[in-house]
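These notes concern the structure reproduced below.
A, B, ... follow the sequence lines: proteins, then strands. Residue 1 opens every chain.
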2 protein chains.
Amino acid sequence: MVTLAEVAQHAGVSASTVSYVLSGKRSISTGTRQRVEESIRELGYHPNAGARALASSRSNIIALMIPLRTDMYVPVMMEIAIAVATTARTHGYDVLLLTGEEGPDAVRRVTGSGLADAMILMDVELDDERLPLLRGTDQPSVLIGLPADTSGLTCVDLDFRATGALCVEHLAKLGHRDIAVIGEAPAVYERHTGFAERTLDGLRSRAQELGVRLLHRPCDGGYDAMAVTLARVLDERPSTTGFVVQNEQAVEPLLALLRQQGRAIPEDVSVVAICPEQVAVQASVRLTSVAIPAQEMGRHALERLVAKLEGRGEDEVVLIEPELTVRASTGPAPSVS
Amino acid sequence: MVTLAEVAQHAGVSASTVSYVLSGKRSISTGTRQRVEESIRELGYHPNAGARALASSRSNIIALMIPLRTDMYVPVMMEIAIAVATTARTHGYDVLLLTGEEGPDAVRRVTGSGLADAMILMDVELDDERLPLLRGTDQPSVLIGLPADTSGLTCVDLDFRATGALCVEHLAKLGHRDIAVIGEAPAVYERHTGFAERTLDGLRSRAQELGVRLLHRPCDGGYDAMAVTLARVLDERPSTTGFVVQNEQAVEPLLALLRQQGRAIPEDVSVVAICPEQVAVQASVRLTSVAIPAQEMGRHALERLVAKLEGRGEDEVVLIEPELTVRASTGPAPSVS
DNA sequence: AGTCCGTGTCGAAGCGCTTCGACAACCTAT
DNA sequence: ATAGGTTGTCGAAGCGCTTCGACACGGACT
């Protein structure tokens with residue numbers, strides 16, 4: 001294990017000089033700098049993380065709390081996590097992975113121990129129990145997702161209300177007057193995860209504005225659940241010609257079931273999905289969809305956080321503008337015959 | 001920020017005593033211990049991670065390198081990562097998330113800086129360039145996946161060779177004599193990720209033993225790729241009645257396409273999948289499958305690693321026994337008519 | 001010539017913890 | 001009673017780094 005002191009000796013300078021070469025916090029003559037850098041390379045020196053953290057009270061680590069539930073919108077979570085991790089590296093940070101399991105205690109532990117300099121929370125509930133802790137500490141944090149009360153917090157999220165509105169708009173413009181919304185799993189609503197409710201809000205209010213009828217049903221993933229839900233929907237509103245699906249895991253089942261019933265997409269029914277790009281493209285019908293920009297969310301969150309760490313950047317709510325991509329799953333509503 | 005010294009003062013003992021209460025490395029009288037513990041609670045003390053790491057040269061952090069590619073077997077990766085993280089906590093460790101992006105440098109950085117005490121590598125290639133580094137350091141590590149040469153390494157993986165064998169066996173026993181294997185994406189084979197090749201090995205050798213004909217085709221995920229692949233397979237081997245699918249993303253497309261061609265599952269063709277339990281259960285047909293035990297792999301890997309950190313535990317290769325669960329997608333081969 | 005300032009370097013203190021050796025106090029076996 | 005062993009506690013020395021103040025030096029001013 002090579003130490004700063006050894007590098008200093010090798011380069012014929014003092015330890016502090018080496019430190020300043022590394023941090024750039026004081027000016028160093030070109031000659032000295034080069035000599036030091038050469039020594040560092042030659043000896044294969046890596047600064048000791050613990051010592052650094054102790055002396056500077058900065059760990060250069062960012063904590064990322066991901067939800068424990070591995071059964072929901074997994075690819076999105078993963079993509080966000082990866083985006084956070086890779087972006088973090090470009091700013092000199094590493095990422096500590098915390099699962100929701102510990103709950104609020106994890107926040108206490110991390111801030112208390114100086115393990116991380118800042119944290120990113122995913123899967124934020126409307127009234128999340130971790131929020132008071134975040135407000136009560138001066139450790140910077142960013143939420144991915146939107147709680148009910150965002151005062152004093154920095155949040156990054158897709159604008160799900162606008163997303164909902166966009167979907168309705170698209171279908172309405174095509175002449176659909178009866179739209180069914182296949183929502184997330186009931187558990188998601190029960191947990192009051194904001195995004196699902198906000199999507200619904202956006203759907204409903206735009207539907208009302210446009211005079212479109214909306215029927216919303218939560219739905220678990222998988223074929224069986226989707227079959228039951230679809231049957232109920234069509235029973236209650238046989239005139240339904242447009243679908244908005246928010247549960248990734250229900251997308252493919254819905255398409256298959258519709259097809260199976262002899263309803264052609266998009267001739268008889270149109271389907272808009274709210275899902276990652278990849279799902280929309282790989283589905284059995286190229287889906288008109290609003291993409292969930294997981295990568296962008298992760299990157300954004302991290303960059304906001306770094307800004308806060310560097311003293312720039314206020315608390316603010318960043319809502320990413322949704323974009324609807326028209327593909328092959330939507331078309332004009334069938335004319336009433 | 002409460003320090004050890006403050007706790008010591010509050011409890012009326014020396015700093016070292018508090019430290020020993022915390023670590024349990026020396027015996028402490030019950031009275032003293034209780035007093036100290038009370039002070040800790042009262043003051044809300046959390047040991048400083050950096051100081052601890054510096055003094056003890058142990059960070060209590062485990063690095064987890066996950067693949068960068070977010071488009072492949074994502075749920076499996078995520079589940080492993082979560083299992084690693086939660087299991088780590090039960091042993092007092094935290095998990096640092098590294099993406100493959102940095103490549104071998106990440107290994108150098110982490111071992112060099114003492115950022116982590118040990119590491120877990122996922123997505124190991126047969127001849128992975130990180131392996132020499134691992135062998136050259138005394139930092140413990142565990143691979144999830146199996147490289148070509150496992151000497152001096154600890155590896156945890158599903159026994160994919162046995163998995164392949166199991167699939168063929170099951171189909172053969174049902175009377176299928178012509179089996180098509182829908183493999184992972186071509187890119188996976190090109191990267192020489194061991195598991196895909198080992199599965200194929202197992203499939204082939206058992207097929208030969210049982211006198212079954214095998215046709216293997218790599219296949220990207222999604223409908224289009226699957227459609228092309230399936231057409232080729234059926235063209236080349238019209239007598240195919242059994243399928244083994246290894247690419248999660250191809251499962252549903254395959255089922256849909258078969259159905260679309262009027263081939264009933266399992267009456268006309270049988271399908272065995274190698275995929276996470278959830279995929280098998282949620283598919284449009286309940287799939288006979290060999291589960292990829294992601295959680296178990298993550299937990300196992302972590303526990304091996306902790307064992308090594310504690311001086312117990314040798315280098316060894318742990319192959320998890322595959323289990324085939326019969327569901328509704330396989331049945332007797334149609335009698336030749 | 002003397003003063004002032006900016007630049008580059010160094011020494012030393014200290015971050016909060018672990019751990020080693022020392023030692024007082026007590027208990028047991030002679 | 002005395003030697004020998006436990007048991008519980010303390011003080012002090014670092015772990016490897018950052019950072020502050022000091023200072024030497026040379027150039028640009030009066």
Side-chain angles (χ1 to χ4, degrees), chain A residues 1-37 39-40 43-61 92 94 109-117 309, chain B residues 1-37 39-40 43-61 92 94 109-117 309:
Chain A
M1 185 105 301
V2 190
T3 69
L4 227 214
E6 292 170 334
V7 173
Q9 192 171 8
H10 186 270
V13 297
S14 75
S16 46
T17 301
V18 177
S19 177
Y20 286 123
V21 167
L22 249 27
S23 69
K25 291 191 180 171
R26 285 204 183 170
S27 55
I28 297 286
S29 67
T30 327
T32 306
R33 190 202 322 291
Q34 283 174 353
R35 222 151 7 96
V36 170
E37 279 166 355
S39 296
I40 289 177
L43 300 178
Y45 169 69
H46 284 273
N48 181 90
R52 204 165 235 205
L54 177 55
S56 64
S57 0
R58 298 174 94 293
S59 62
N60 289 305
I61 289 180
D94 273 294
R109 195 167 61 83
V110 167
T111 59
S113 67
L115 232 189
D117 297 333
L309 280 167
Chain B
M1 185 105 301
V2 189
T3 70
L4 226 214
E6 292 170 336
V7 173
Q9 192 170 10
H10 186 272
V13 297
S14 76
S16 47
T17 301
V18 176
S19 178
Y20 286 123
V21 167
L22 250 27
S23 69
K25 292 192 180 172
R26 285 204 181 168
S27 55
I28 298 285
S29 67
T30 327
T32 307
R33 190 202 324 290
Q34 283 174 354
R35 223 153 4 100
V36 170
E37 279 166 355
S39 296
I40 289 177
L43 300 178
Y45 169 69
H46 284 273
N48 181 89
R52 205 166 233 204
L54 177 55
S56 64
S57 0
R58 301 173 90 294
S59 62
N60 288 306
I61 288 180
D94 273 295
R109 195 166 61 84
V110 167
T111 59
S113 66
L115 231 189
D117 297 333
L309 280 167

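In terms of phosphate contacts, S29(B) brings no side-chain nitrogen or oxygen within less than 4.0 Å of OP1 or OP2 of dT7(D). For S14(A) and dT9(C), the shortest distance from a side-chain N or O to OP1 or OP2 is not below 4.0 Å.
Judged purely by atom type and a 3.5 angstrom limit, D94(B) has no side-chain atom pairing as donor or acceptor with the backbone of I61(B).
Following rounding to the nearest Å, Y20(B) (OH) and dT19(C) (P) show an atom-to-atom distance of 7 Å. When rounded to the nearest whole Å, the span between NZ of K25(B) and P of dC20(C) equals 8 Å. Remark: P of dC10(D) and CZ of R26(B) are 12 Å apart, rounded to the nearest angstrom. Summarising the geometry, the separation between CG on N60(A) and P on dT18(D) is reported as 10 Å, rounded to the nearest angstrom. Atoms CG (L22(B)) and C1' (dT9(D)) sit 16 Å apart, rounded to a whole Å.
Annotation: E37(B), atom CD; neighbour count of heavy atoms from other residues, nucleotides and ligands within 6.0 Å is above 12.
Taking each heavy atom of L43(A) and E6(A) in turn, the nearest pair found is CD1-O, 4.0 Å.
Candidate nucleotides dT9(C), dC10(C), dC10(D) were compared by shortest atom distance to the side chain of I28(A), and dT9(C) ranks first.
By the 4.5 Å heavy-atom criterion applied to side chains, R52(A) and L22(A) are counted as neighbours. Looking at heavy atoms from C-beta onward, V21(B) lies out of side-chain contact with V13(B) at the 4.5 angstrom threshold. The shortest side-chain heavy-atom distance between L4(A) and S19(A) falls under the 4.5 Å cut-off.
The base of dG11(D) sits with one of its N or O atoms less than 3.5 Å from a complementary donor or acceptor on the side chain of S16(B).
Residue T32(A) is classed as a sugar-phosphate contact, given heavy-atom separations below 4.0 Å to backbone atoms only.
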Detail all sub-3.5 Å separations between protein N/O atoms and N/O atoms belonging to nucleotides 15-17 of chain D.
| residue | atom | partner | partner atom | Å |
| --- | --- | --- | --- | --- |
| dC15(D) | O2 | A55(B) | N | 3.4 |
| dC17(D) | OP1 | Y45(A) | OH | 2.4 |
| dC17(D) | OP1 | N48(A) | N | 3.2 |
| dC17(D) | OP2 | L4(A) | N | 2.3 |

